[in-house]
Amino acid sequence: MIAELLPREVSAVEMFGDPDGTPDLFPEEAAVVARAVPKRRQEFATVRACARTALERIGGPRVPLLPGERGAPGWPPGYIGSMTHCTGYRAAVVAAAGRGLSSLGVDAEPHEALRDPGVVEMVTLPGEREHLAKLAASHPRVRWERLLFSAKESVYKAWFPLTGRWLGFEEARIAFDPDGGAFTAELLVPGPVVDGVPIRRFAGRWLVRDGLLVTAIAVTAPRPVPAGGITG
(Lines give C-alpha, C1' and ligand atoms only; values in the text may rest on other atoms or scores of the structure.)
Protein backbone atom coordinates (compact mmCIF):
# COMPACT_ATOMS: atom_id res chain seq x y z
CA MET A 1 0.00 0.00 0.00
CA ILE A 2 2.62 2.56 1.01
CA ALA A 3 4.80 1.74 -2.01
CA GLU A 4 2.10 3.23 -4.26
CA LEU A 5 2.86 6.67 -2.82
CA LEU A 6 6.60 6.75 -3.43
CA PRO A 7 9.08 6.64 -6.33
CA ARG A 8 10.18 3.27 -7.67
CA GLU A 9 13.67 3.56 -6.20
CA VAL A 10 12.22 3.54 -2.67
CA SER A 11 12.14 0.11 -1.03
CA ALA A 12 8.96 -0.25 1.04
CA VAL A 13 7.95 -3.06 3.38
CA GLU A 14 4.72 -3.18 5.39
CA MET A 15 2.97 -5.57 7.76
CA PHE A 16 -0.69 -5.55 8.73
CA GLY A 17 -0.13 -6.42 12.37
CA ASP A 18 2.68 -8.24 14.11
CA PRO A 19 4.11 -11.68 13.29
CA ASP A 20 3.85 -14.55 15.74
CA GLY A 21 6.68 -13.99 18.18
CA THR A 22 8.74 -10.85 18.49
CA PRO A 23 11.26 -10.32 15.66
CA ASP A 24 14.89 -10.48 16.73
CA LEU A 25 16.56 -7.26 17.82
CA PHE A 26 20.21 -6.35 18.10
CA PRO A 27 21.30 -6.05 21.77
CA GLU A 28 21.59 -2.27 21.37
CA GLU A 29 18.01 -2.09 20.11
CA ALA A 30 16.68 -4.39 22.82
CA ALA A 31 18.23 -2.11 25.44
CA VAL A 32 16.22 0.84 24.10
CA VAL A 33 12.89 -0.85 24.85
CA ALA A 34 13.96 -3.03 27.78
CA ARG A 35 11.63 -1.20 30.15
CA ALA A 36 8.81 -0.62 27.66
CA VAL A 37 5.44 -2.36 27.84
CA PRO A 38 5.11 -5.48 25.65
CA LYS A 39 2.99 -3.67 23.02
CA ARG A 40 5.69 -1.03 22.55
CA ARG A 41 8.45 -3.65 22.32
CA GLN A 42 6.48 -5.57 19.69
CA GLU A 43 5.86 -2.46 17.57
CA PHE A 44 9.50 -1.43 17.87
CA ALA A 45 10.72 -4.86 16.79
CA THR A 46 8.24 -5.35 13.95
CA VAL A 47 8.86 -1.99 12.31
CA ARG A 48 12.61 -2.65 12.45
CA ALA A 49 12.08 -6.02 10.86
CA CYS A 50 10.32 -4.16 8.04
CA ALA A 51 13.18 -1.67 7.82
CA ARG A 52 15.86 -4.38 7.69
CA THR A 53 14.03 -6.20 4.92
CA ALA A 54 13.66 -2.95 2.99
CA LEU A 55 17.38 -2.27 3.37
CA GLU A 56 18.37 -5.77 2.31
CA ARG A 57 16.30 -5.46 -0.87
CA ILE A 58 18.47 -2.58 -2.07
CA GLY A 59 21.78 -4.02 -0.87
CA GLY A 60 21.89 -2.27 2.49
CA PRO A 61 23.67 -3.67 5.55
CA ARG A 62 22.00 -5.52 8.42
CA VAL A 63 22.77 -3.20 11.34
CA PRO A 64 21.10 -1.84 14.49
CA LEU A 65 18.57 0.90 13.74
CA LEU A 66 18.64 3.01 16.87
CA PRO A 67 16.49 6.03 17.68
CA GLY A 68 18.50 9.23 17.64
CA GLU A 69 17.66 12.81 18.51
CA ARG A 70 13.90 13.31 19.02
CA GLY A 71 13.41 9.62 18.28
CA ALA A 72 14.34 9.82 14.61
CA PRO A 73 15.61 6.42 13.41
CA GLY A 74 19.30 6.21 12.60
CA TRP A 75 20.00 4.79 9.14
CA PRO A 76 23.31 3.35 7.96
CA PRO A 77 25.56 5.76 6.03
CA GLY A 78 24.44 6.18 2.45
CA TYR A 79 20.75 5.47 3.11
CA ILE A 80 17.65 7.47 3.99
CA GLY A 81 14.36 6.22 5.30
CA SER A 82 11.30 6.56 7.49
CA MET A 83 9.20 4.31 9.71
CA THR A 84 5.61 4.35 10.92
CA HIS A 85 3.30 2.17 12.97
CA CYS A 86 -0.26 2.36 14.21
CA THR A 87 -2.87 -0.17 15.31
CA GLY A 88 -2.80 -3.00 12.79
CA TYR A 89 -0.08 -1.58 10.57
CA ARG A 90 3.74 -1.23 10.50
CA ALA A 91 5.83 0.05 7.61
CA ALA A 92 9.32 1.22 6.71
CA VAL A 93 10.64 2.85 3.54
CA VAL A 94 14.31 3.12 2.57
CA ALA A 95 16.33 4.43 -0.37
CA ALA A 96 19.94 4.98 -1.27
CA ALA A 97 20.91 8.58 -0.54
CA GLY A 98 21.37 10.76 -3.58
CA ARG A 99 19.92 9.73 -6.95
CA GLY A 100 17.62 12.73 -6.66
CA LEU A 101 16.20 11.76 -3.25
CA SER A 102 17.17 13.72 -0.13
CA SER A 103 14.71 12.62 2.56
CA LEU A 104 11.64 10.46 3.15
CA GLY A 105 8.72 10.85 5.53
CA VAL A 106 5.80 8.46 6.01
CA ASP A 107 2.95 8.17 8.48
CA ALA A 108 -0.05 5.87 8.95
CA GLU A 109 -3.13 6.43 11.11
CA PRO A 110 -6.42 4.64 11.73
CA HIS A 111 -9.08 6.08 9.44
CA GLU A 112 -11.21 7.43 12.24
CA ALA A 113 -11.87 10.72 13.98
CA LEU A 114 -9.24 12.12 16.29
CA ARG A 115 -10.12 11.05 19.81
CA ASP A 116 -9.61 14.53 21.26
CA PRO A 117 -11.43 17.25 19.29
CA GLY A 118 -9.00 19.77 20.78
CA VAL A 119 -6.19 18.22 18.75
CA VAL A 120 -7.62 19.77 15.58
CA GLU A 121 -7.17 23.27 17.02
CA MET A 122 -3.66 22.38 18.16
CA VAL A 123 -2.38 21.05 14.83
CA THR A 124 -4.14 23.30 12.30
CA LEU A 125 -3.94 26.89 11.13
CA PRO A 126 -7.17 28.91 10.66
CA GLY A 127 -6.93 28.61 6.88
CA GLU A 128 -6.44 24.86 7.17
CA ARG A 129 -9.60 24.55 9.25
CA GLU A 130 -11.53 26.30 6.49
CA HIS A 131 -9.93 23.95 3.96
CA LEU A 132 -10.95 20.91 6.04
CA ALA A 133 -14.54 22.13 6.32
CA LYS A 134 -14.82 22.46 2.54
CA LEU A 135 -13.27 19.03 2.01
CA ALA A 136 -15.63 17.45 4.54
CA ALA A 137 -18.60 18.93 2.69
CA SER A 138 -17.46 17.81 -0.77
CA HIS A 139 -15.83 14.47 0.16
CA PRO A 140 -17.47 13.37 3.43
CA ARG A 141 -16.12 9.79 3.40
CA VAL A 142 -12.58 10.89 4.32
CA ARG A 143 -11.59 11.86 7.86
CA TRP A 144 -9.75 14.95 6.68
CA GLU A 145 -8.69 16.16 10.10
CA ARG A 146 -6.94 12.84 10.76
CA LEU A 147 -5.39 12.92 7.29
CA LEU A 148 -4.03 16.41 7.94
CA PHE A 149 -2.52 15.23 11.22
CA SER A 150 -0.83 12.38 9.36
CA ALA A 151 0.43 14.70 6.61
CA LYS A 152 2.06 16.97 9.19
CA GLU A 153 3.71 13.96 10.80
CA SER A 154 5.14 12.99 7.41
CA VAL A 155 6.31 16.57 6.88
CA TYR A 156 8.20 16.52 10.17
CA LYS A 157 9.78 13.14 9.47
CA ALA A 158 11.02 14.42 6.10
CA TRP A 159 12.11 17.78 7.57
CA PHE A 160 14.12 16.70 10.59
CA PRO A 161 16.88 14.67 8.85
CA LEU A 162 17.55 17.67 6.59
CA THR A 163 17.62 20.32 9.31
CA GLY A 164 18.10 18.72 12.72
CA ARG A 165 15.50 21.24 13.94
CA TRP A 166 12.05 21.00 15.43
CA LEU A 167 9.11 21.95 13.19
CA GLY A 168 5.87 22.91 14.88
CA PHE A 169 2.43 22.02 13.53
CA GLU A 170 1.84 25.72 12.89
CA GLU A 171 4.99 26.03 10.76
CA ALA A 172 3.69 24.17 7.72
CA ARG A 173 0.47 24.75 5.79
CA ILE A 174 -1.18 21.69 4.21
CA ALA A 175 -3.43 21.75 1.16
CA PHE A 176 -5.02 18.55 -0.20
CA ASP A 177 -5.98 17.59 -3.72
CA PRO A 178 -9.03 15.47 -2.83
CA ASP A 179 -9.31 13.79 -6.21
CA GLY A 180 -5.65 13.30 -7.12
CA GLY A 181 -4.42 11.79 -3.85
CA ALA A 182 -1.80 14.51 -3.43
CA PHE A 183 -1.00 17.26 -0.98
CA THR A 184 1.43 20.14 -0.62
CA ALA A 185 3.09 21.40 2.53
CA GLU A 186 4.17 25.04 2.39
CA LEU A 187 6.95 25.65 4.88
CA LEU A 188 6.27 28.84 6.87
CA VAL A 189 9.79 29.03 8.30
CA PRO A 190 13.11 28.96 6.40
CA GLY A 191 13.35 25.51 4.89
CA PRO A 192 16.28 23.17 4.41
CA VAL A 193 18.91 23.82 1.77
CA VAL A 194 19.59 20.75 -0.37
CA ASP A 195 22.51 20.80 -2.80
CA GLY A 196 22.57 24.57 -2.47
CA VAL A 197 18.87 24.95 -3.29
CA PRO A 198 16.40 26.19 -0.63
CA ILE A 199 13.31 24.01 -0.21
CA ARG A 200 10.13 26.01 0.43
CA ARG A 201 7.53 23.26 0.14
CA PHE A 202 7.17 19.50 0.20
CA ALA A 203 4.97 17.52 -2.16
CA GLY A 204 3.27 14.41 -0.81
CA ARG A 205 0.80 11.67 -1.64
CA TRP A 206 -2.01 10.10 0.39
CA LEU A 207 -4.48 7.25 0.28
CA VAL A 208 -7.27 5.79 2.39
CA ARG A 209 -7.82 2.04 2.32
CA ASP A 210 -8.83 -0.87 4.56
CA GLY A 211 -9.48 1.30 7.60
CA LEU A 212 -6.13 3.08 7.35
CA LEU A 213 -4.91 6.36 5.96
CA VAL A 214 -1.31 6.76 4.84
CA THR A 215 0.74 9.81 3.83
CA ALA A 216 4.18 9.92 2.27
CA ILE A 217 6.74 12.49 1.16
CA ALA A 218 9.86 12.01 -0.96
CA VAL A 219 11.97 15.17 -0.92
CA THR A 220 13.92 15.99 -4.05
CA ALA A 221 16.02 19.10 -4.58
CA PRO A 222 14.61 21.38 -7.26
CA ARG A 223 16.88 22.24 -10.12
CA PRO A 224 18.45 25.66 -9.67
CA VAL A 225 17.51 28.21 -12.31
CA PRO A 226 20.60 28.99 -14.43
CA ALA A 227 22.07 32.47 -14.20
CA GLY A 228 20.23 34.74 -16.57
CA GLY A 229 16.93 32.87 -16.19
CA ILE A 230 15.27 30.22 -18.30
CA THR A 231 16.03 30.27 -22.00
CA GLY A 232 15.23 28.15 -25.00
Side-chain angles (χ1 to χ4, degrees), residues 1-6 10-26 28-58 60 62-76 79-95 103-116 119 123 143 145-161 167 169 183 204-219:
M1 183 165 71
I2 204 165
E4 298 175 33
L5 305 179
L6 292 161
V10 177
S11 175
V13 175
E14 61 191 358
M15 292 188 186
F16 294 86
D18 296 308
D20 293 334
T22 302
D24 292 337
L25 291 171
F26 283 86
E28 304 97 311
E29 294 171 328
V32 172
V33 289
R35 297 184 180 181
V37 298
K39 180 177 181 293
R40 166 61 178 153
R41 291 199 301 271
Q42 185 73 47
E43 291 172 344
F44 184 92
T46 301
V47 78
R48 276 161 177 76
C50 291
R52 271 190 267 281
T53 300
L55 273 167
E56 289 170 1
R57 288 180 179 177
I58 55 173
R62 186 175 181 83
V63 295
L65 302 171
L66 301 173
E69 187 178 358
R70 296 190 180 277
W75 300 99
Y79 295 89
I80 58 174
S82 185
M83 303 180 191
T84 187
H85 56 79
C86 68
T87 302
Y89 187 74
R90 290 82 169 89
V93 300
V94 184
S103 186
L104 299 169
V106 298
D107 186 72
E109 301 284 335
H111 187 211
E112 57 190 39
L114 292 166
R115 293 182 181 179
D116 182 354
V119 172
V123 305
R143 291 289 188 178
E145 75 287 351
R146 190 80 177 225
L147 188 65
L148 185 139
F149 177 84
S150 177
K152 291 205 171 183
E153 288 290 304
S154 285
V155 168
Y156 178 74
K157 291 178 182 180
W159 159 278
F160 188 78
L167 184 74
F169 286 113
F183 68 92
R205 304 284 301 171
W206 64 270
L207 62 76
V208 175
R209 186 183 299 162
D210 299 333
L212 297 166
L213 55 83
V214 183
T215 58
I217 293 171
V219 179

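Side-chain atoms are counted along with the backbone in the values below, which use heavy atoms only and exclude waters and symmetry mates. This one's a predicted model, so the numbers in the text were calculated from it and none came from an experiment.
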| field | From CA spacing to verdict: side chain to side chain contact (heavy atoms under 4.5 Å, CB included), V106, L5 | value | CA-CA 9 Å; V106 298; L5 305 179; over 6 Å; no
| How far apart are the C-alpha atoms of L212 and F16, what are their side-chain angles, what is the distance that settles it, and do they pass the side chain to side chain contact (heavy atoms under 4.5 Å, CB included) test? | CA-CA 10 Å; L212 297 166; F16 294 86; 4.0 Å; yes
| said: Is there a side-chain hydrogen bond (donor to acceptor under 3.5 Å, both in side chains) between S150 and D107? Walk through the geometry before answering. | reply: CA-CA 6 Å; S150 177; D107 186 72; 2.9 Å; yes
| task | Could you go through the side chain to side chain contact (heavy atoms under 4.5 Å, CB included) check for L66 and E29 one step at a time? | result | CA-CA 6 Å; L66 301 173; E29 294 171 328; 3.7 Å; yes
| query | After noting the C-alpha distance and the side-chain angles of T22 and R41, does the key distance pass the side chain to side chain contact (heavy atoms under 4.5 Å, CB included) rule? | reply | CA-CA 8 Å; T22 302; R41 291 199 301 271; 5.7 Å; no
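S103 places no side-chain N or O within donor-acceptor distance of the main-chain N or O of P161, the cut-off being under 3.5 Å. Checked by atom type and distance alone, the side chain of R48 never pairs as donor or acceptor with a backbone atom of L25 at under 3.5 Å. Put simply, the side chain of R205 never gets that close to the backbone of F183: no donor and acceptor are under 3.5 Å apart.
The shortest non-hydrogen separation linking G71 to P67 is O-CB, 4.0 Å. Shown here for E14 and I2, the closest heavy-atom pair between the two residues is OE1-N, 3.2 Å. Annotation for M15 and T46: closest pair SD-CG2, 3.5 Å, computed over non-hydrogen atoms.
At a threshold of 4.0 Å, the pair E43-K39 counts as salt-bridged, since one of the basic side-chain nitrogens sits closer than that to a carboxylate oxygen. Between E112 and R143 no salt bridge is recorded (no basic side-chain N to carboxylate O distance below 4.0 Å).
Atom CG of L148 and atom CG of L213 lie 11.0 Å apart (nearest 0.5 Å). Here Y156 contributes atom OH and F169 contributes atom CZ; the two are 10.0 Å apart, rounded to the nearest 0.5 Å. Atom-to-atom distance recorded for S82:OG and K157:NZ is 5.0 Å, nearest 0.5 angstrom. A distance of 12.5 Å separates OG1 of T215 from NZ of K152, quoted to the nearest 0.5 Å.
Residues F44 and H85 fail the side-chain proximity criterion, which asks for heavy atoms closer than 4.5 Å. R62 has its side chain out of reach of L55: every pair of non-hydrogen atoms, C-beta onward, lies at least 4.5 Å apart. Contact of the P76 side chain with the L65 side chain is registered, since non-hydrogen atoms from C-beta on lie closer than 4.5 Å.
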